[in-house]
Amino acid sequence: MDERPIGVFDSGVGGLTVLHECLVTLPHEDFVYLGDGARLPYGPRPLGELRRFAREIGLFLEAQGVKLVVVACNSATAAALPELQTELRVPVVGVIAPEAHAAVQATRNRRIGLLATQATVSSGRYEELVRALDAGADVLSVACPRLVPLIEGDDPFAEETAAAVREYAAPLKEAGVDTVILGCTHYPLIRPILQRVFGREVTLVFSAEETAREVAETLARKQIENDPAREGAYRFLTTGDVDGFRAMGRRFLQLPIENVEHVEIATLEAAAA
Ligand code: DGL
């Protein structure tokens, strides 16, 4: 029996899509979720800077006593997964490999679209992983810089978001992809908009459920699970605005988030010093 919590992080509320699936799969585990709201969005930042942020947060969570870290952010996974796995003592699970796998399995015409942040697209990680699984599959990538700020904004379901989705989807529809990877953990929060734009014949792939399964398998293999009879507890931390996080978290996760703790960037930096 291992009573330590699981650490989960993202730039903002997108990682809550992954946390949700973890809560469904592992209701008996405790979780600490950190949203790096003060430095959101991650997408336009250089990969080197994201590696630094991910390292700070990974080491901070490790210092909080977590037994596993979930990088619930595609941009941070694309930039920093190998480095985190090398540096942290606890297991680290990312969100890109499960999606690449699911997309290769889902596509029938071997034309796969990717919607993601600029950082994730420029890392080339999805192409690499898809090609390793099926050298004959094509990946067409579109960076969507407006989506995360819109989703984290005042009115995520407004016409402006739908218009941005239509614009980003156009080249993928034109190319006849039959599968689209939602390569950013924020995007499943506007899944109905995306599904309406692409239609029923296009399969939307996202990794939250697969990631939760990988977390469960890792805990089981390493024999670091908590008591299955107990009920888990959650802690929410943000470097950004506490009230804004609580409101958005409640809306998207439909979970009564009571207490959100503020963490200073300097505290994260100190954890990595
Ligand atoms: N949820 C993050 C991701 O998966 C969003 C990145 C951002 O803040 O731009 O990439």
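As a basis for the values below, the full set of heavy atoms in this structure was taken, side chains included, without hydrogen atoms, waters or symmetry mates. Whatever order the structure lists them in is the order used to number ligands and atoms, beginning at 1.
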Can any side-chain N or O of Asp138 pair as donor or acceptor with the backbone N or O of Arg111 at less than 3.5 Å? no
Going through the distances and angles, do Glu29 and Lys67 end up as a side-chain contact (heavy atoms from CB on, under 4.5 Å)? CA-CA 11 Å; Glu29 295 289 348; Lys67 59 184 170 186; 2.7 Å; yes
State whether the side chain of Arg55 and the backbone N or O of Ala272 hold a donor-acceptor pair below 3.5 Å, judged by distance alone. yes
Less than 4.0 angstrom from a charged side-chain N to a carboxylate O is my criterion; do Arg4 and Glu62 meet it? no
Side-chain H-bond candidate by donor/acceptor type, Glu21 with Thr211, under 3.5 Å: no
For residues 32-39, run the donor-acceptor check on the side chains, cut-off 3.5 Å, and write out each pair with its distance to 0.1 Å, sequence neighbours left out.
from, atom 1, to, atom 2, distance (Å)
Tyr33, OH, Gly12, O, 2.6
Tyr33, OH, Gly15, N, 3.1
Tyr33, OH, Leu16, N, 3.3
Asp36, OD1, Arg39, NE, 3.3
Asp36, OD1, Thr239, OG1, 2.8
Asp36, OD2, Arg39, NE, 2.8
Asp36, OD2, Arg39, NH2, 3.1
Asp36, OD2, Tyr42, OH, 2.5
Arg39, NH1, Glu56, OE1, 3.0
Arg39, NH2, Glu56, OE1, 3.0

For ligand 1, what is the set of protein residues having any non-hydrogen atom at a distance below 4.0 Å? Asp10, Ser11, Pro41, Tyr42, Gly43, Cys73, Asn74, Ser75, Thr117, Val148, Cys184, Thr185, His186
